[in-house]
Each structure stands twice: as C-alpha cells, then as structure tokens.
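The sequence lines fix the lettering, A, B, ..., with proteins before strands; numbering per chain opens at 1.
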2 protein chains.
Amino acid sequence: MAGSTAADRGREVRRRLLRVAAELIAERGWTAVSTRMLAERAGVAPGVVHYHFSSVRALLAEAALGVIGDVVEQAGPALARAATPGEALGLMMGLLEDHDGRDATSLLFTEAYLAATRDEGLRRSLAEVMTGFRRRLAGHLTEHAVPFPEATAAVLAAAIDGIVLHRALGPGLEASDVAPVLHRLVTPLDRHAPDDDRPPPRKAGESA
Amino acid sequence: MAGSTAADRGREVRRRLLRVAAELIAERGWTAVSTRMLAERAGVAPGVVHYHFSSVRALLAEAALGVIGDVVEQAGPALARAATPGEALGLMMGLLEDHDGRDATSLLFTEAYLAATRDEGLRRSLAEVMTGFRRRLAGHLTEHAVPFPEATAAVLAAAIDGIVLHRALGPGLEASDVAPVLHRLVTPLDRHAPDDDRPPPRKAGESA
DNA sequence: GACCGTCCTGGACGATTGACCAAATTCTAC
DNA sequence: GTAGAATTTGGTCAATCGTCCAGGACGGTC
C-alpha cells in the first residue's frame with residue numbers, strides 16, 4: 001500500500017546521493033569526489049551510484065545546481081520584498097554572515113563555477129541561474145533610482161562571491177565591515193536618498 | 001663552462017615543472033593534476049617530479065604561490081604610483097580586461113583559494129600575500145580620503161576575484177561596465193573629488 | 001503459487017594514481 | 001685520469017579510479 005515502497009525508497013536514495021555529493025564536493029573538491037566515497041557515505045553499494053545517475057559527473061552537476069538553485073530562489077523573492085536597496089543589501093549581508101567561506105555551501109558555489117569552465121552544460125545552466133538572479137536584483141535597483149542598475153547588480157552578486165572566497169583565507173571581512181562599503185553602491189544619488197536608506201552605523205574599533 | 005651545467009639544468013627543470021603545474025591546475029583542476037601529467041608536459045620522466053619536490057601537493061602549492069605572488073607584486077607598486085584612486089581603479093580594470101575568467105591565471109587564483117581551505121600551510125601563505133596587497137591598497141585609499149579605507153580595499157580585492165569568477169560563466173561583465181560602479185567606492189566624499197578623479201572614459205582599445 | 005519490474009549488491013575490468021627506488025647517466029672536483 | 005655528487009631514467013608497488021554487469025532481494029499483480 002501507500003503508493004509504492006520500493007520506488008519511494010529509490011527516490012530517497014537518489015536524494016541522499018545528491019545531498020552527499022554536495023557535501024563531498026565541498027570537502028574534497030569537485031574532481032576528487034569518487035563513486036565509492038559517495039556510495040559509502042550514502043550507505044549504499046557502489047553500483048547504486050551508476051544506477052541512479054549516468055555518471056559521477058552528472059551527479060555532481062545535478063547536486064550543485066540543486067543547492068545553488070535553492071539558495072538563489074530563496075534569496076530572490078526575499079530581495080524583491082525589500083522596501084529599499086539598503087534593506088535588500090541587509091538581506092545579502094545576512095547571507096554573508098551565514099557563510100564564512102569554509103562552509104559547504106560557500107565552497108560548493110566556487111567549486112561549481114570552476115567546474116563550469118570544464119563542463120559546457122553545467123556552465124549554461126549555471127549562467128541561467130545567475131542571470132535570473134542578476135535580472136531580479138537589477139529590476140529592484142532600477143525601481144529605486146540606483147545608477148547603473150544592471151552593472152551594479154552584477155558587481156554586487158560577484159562581490160558577494162568574492163568576499164566569501166576571500167573570507168576562507170581568514171577572518172577580517174565581517175559583514176559589518178563590508179556593509180557600509182557596499183551600501184555606497186546602492187545609494188540612489190550623490191546626495192542623500194529620498195527614502196530611509198542610510199548606511200548601517202559603524203561599530204567602533206573594527207576596521208581601523 | 002659558465003659555472004655549472006648540471007645544477008643549472010636541474011634548476012631549469014624545476015622551474016619548468018612549476019610553470020607546467022600552474023598550467024595544469026587551471027586546465028584540469030587542483031586535485032586532478034597528476035605526477036605523470038606534470039612529467040609528460042615538462043618533458044621529463046615521472047621520477048623527476050618527486051626528486052625536485054617532496055610531493056605533488058607541495059609542487060602545486062609552490063607553483064600557485066609563485067604565480068599569485070608575481071601578479072600581486074606587479075600590481076602593488078603600480079597601484080602605489082597611481083596619482084588618484086580613480087587611476088588606481090583604472091589599473092585594476094586593466095587587470096580585469098586581461099583576465100576573462102577562463103584564462104590560466106584567473107582559474108589558478110580560484111583553485112588556490114579552494115585548495116587553501118584544505119591545506120593549512122597554503123592558507124597561511126596565501127593569506128599573507130593577500131593581506132599585504134590589501135594593506136597597500138588601503139594605505140593608498142587613506143591618503144586620498146576615501147571612507148572606510150580598509151574595508152573598501154578588502155571589498156575591492158574580493159570584488160575583482162568575484163567578477164573574474166562570474167565572468168567565467170559567460171560574457172556580460174566587461175570592465176567598461178563595472179568600472180563606473182566600482183568607481184563609486186573610491187570617491188572621496190559624497191560631493192565631487194578635489195583632485196581629478198572621474199570615471200575613466202571608455203575606449204574600445206586595450207588595457208594598461 | 002508463478003511472474004515481473006524496480007532496486008540493490010558485490011565484484012570484475014582495465015586504467016590510473018602517488019610514491020618510491022636501483023641503476024644509469026652526466027657533470028664537478030680533485 | 002678517478003672519486004663523488006647531482007640529476008635522470010624507467011619501472012614497480014599497492015591502492016584507487018569510473019564504469020559496467022550478472023545475479024539476488026523485494027513488493028505488487030496475476
């Protein structure tokens with residue numbers, strides 16, 4: 001009864017393999033993830049990997065795209081709900097606080113970017129996701145009279161990834177430090193913003 | 001004649017291995033570079049690799065640090081010579097034009113960042129290099145009354161790497177697009193700069 | 001009961017991996 | 001000349017790689 005037991009368990013194993021793949025990409029690096037590693041950590045026999053996926057390469061790509069898609073599709077609508085660019089930036093700073101550059105998600109993003117340079121299909125899929133995010137962010141910036149909205153959106157997205165990347169080398173790039181800097185990018189004009197959009201107050205003693 | 005032939009040839013082989021290692025890291029990915037690949041492309045027998053280096057891991061780290069050190073030590077002094085932050089930014093935009101995210105140097109940087117999260121020694125060395133660069137850039141920004149100089153320097157450095165990373169996914173992030181955006185970060189105040197510090201006019205030509 | 005499709009097991013295949021080494025070679029120093 | 005150091009060679013070693021496959025296990029349908 002209950003629909004199907006075998007098929008359900010199969011889907012569950014498939015999901016588990018995807019989750020484990022995302023972990024291992026971050027831990028060992030994209031090209032260092034092996035069939036047997038995946039199987040062992042997922043608690044299945046090695047053959048299961050090639051039963052559910054055509055190749056390890058395909059498994060890694062699907063796993064990475066899944067995680068990245070989730071993050072972007074979670075951040076996108078939240079961004080659209082922000083009343084001001086400053087508020088939207090605050091949301092992105094929240095992302096920065098969650099990811100210190102050494103966590104699985106941060107590393108997965110970077111590993112995926114690199115893998116995309118060696119896998120044309122992955123590159124196209126990834127470009128699609130990032131273009132969608134940039135477009136949404138650019139639309140938000142346009143509505144609030146931020147100059148160079150498309151370029152600013154692209155720079156903001158890239159800066160987030162770059163900051164996460166650099167943070168992996170060590171401390172010293174806290175969200176509270178970079179927020180006032182990035183805030184200058186989303187200030188509507190050279191003068192003060194018409195709506196409430198001030199830079200977050202500096203906490204004393206940090207970056208001096 | 002001329003001092004030494006054997007030792008010189010040895011050093012030459014060592015240098016060649018380092019150069020080849022940098023190429024292969026970019027082409028195949030850090031963890032996918034093998035002893036025999038290195039030897040074959042360098043035109044030597046496989047055993048030579050472990051004669052000159054204690055391990056492949058050590059060879060890759062030394063190769064990456066060498067290239068990155070060269071780039072930073074070339075950009076650093078040039079940055080110090082810039083008369084205005086806008087000019088300094090122009091130099092960094094030149095770097096952006098040289099590296100489209102798919103070239104060997106761009107990929108090597110990112111691969112090294114990732115490898116550093118799995119190699120404590122490499123992480124420390126890399127952090128030292130990047131801290132030096134940030135400090136130099138921050139000093140330059142401080143002299144020109146740019147607000148949040150340390151944080152701005154860190155964000156600029158990270159943004160460059162992030163932009164290069166995103167550019168690997170496809171076109172649409174030209175230096176001419178991002179320059180006006182980043183320029184807002186190095187504007188001394190909300191009003192116009194006292195010295196000549198306008199966004200660099202865009203020529204279709206080359207970089208510097 | 002027999003039958004069938006889905007899922008999984010465990011091992012086989014040839015190729016490749018990092019590391020290592022004895023022997024050959026080449027050069028320097030005496 | 002000859003001794004000795006430095007460099008290179010070509011191969012071995014156990015381990016691991018991705019992929020594939022014959023067969024077992026399980027649940028649902030006759």
Query raised in the report: Any side-chain N or O of A:His50 less than 4.0 Å from the OP1 or OP2 oxygen of C:dC8?
Result: no
Report task. Report yes if a side-chain nitrogen or oxygen of B:Ser34 is closer than 4.0 Å to either non-bridging phosphate oxygen (OP1 or OP2) of C:dT17; otherwise report no. Result -> yes
Query - Nearest listed nucleotide, side chain of A:Tyr51, among C:dC7, D:dG11, D:dC17 - result: C:dC7
Query raised in the report: If you check every side-chain atom of A:Pro46, which of C:dG18, C:dT9, C:dG10 has the closest atom?
Result: C:dG10
Under 4.0 Å, counting only non-hydrogen atoms across every strand here, what does [X] touch: a base, just sugar-phosphate, or nothing?
X: A:Thr35; value: base
X: B:Val49; value: nothing
X: A:Val48; value: base

Calculate the interatomic distance between [X] atom [atom1] and [N] atom [atom2]; express it in whole Å.
X: A:Arg9; N: D:dC26; atom1: CZ; atom2: C1'; answer: 8 Å
X: B:Arg57; N: C:dA19; atom1: CZ; atom2: C1'; answer: 15 Å
X: B:Arg28; N: C:dG18; atom1: CZ; atom2: C1'; answer: 17 Å
X: B:Glu12; N: D:dT8; atom1: CD; atom2: P; answer: 10 Å
X: A:Arg16; N: C:dC7; atom1: CZ; atom2: P; answer: 14 Å
X: B:Arg36; N: D:dC17; atom1: CZ; atom2: P; answer: 15 Å
X: B:Leu24; N: C:dT17; atom1: CG; atom2: P; answer: 11 Å
X: B:Glu40; N: D:dG10; atom1: CD; atom2: C1'; answer: 15 Å

Query raised in the report: Can A:Arg167 and A:Glu174 be counted as an ion pair, charged N to O under 4.0 angstrom?
Result: yes
Query raised in the report: Would A:Glu120 and A:Arg124 pass as an ion pair if we require N to O under 4.0 Å?
Result: no
Requested in this report: Mind telling me whether B:Tyr113 and B:Phe109 have parallel, tilted or perpendicular rings, with 30° and 60° as the class edges?
Outcome: perpendicular
Query raised in the report: Within the side chain of B:Arg16, is there an N or O that forms a donor-acceptor pair under 3.5 Å with the backbone of B:Gly43?
Result: no
Report task. Nearest 0.5 Å please: distance from the CG atom of A:Leu169 over to the CD atom of B:Glu128. Result -> 12.0 Å
Query raised in the report: Taking for each residue the nucleotide of DNA chain D bearing the nearest heavy atom, is the 5' side occupied by A:Val33 or by B:Gly43?
Result: B:Gly43
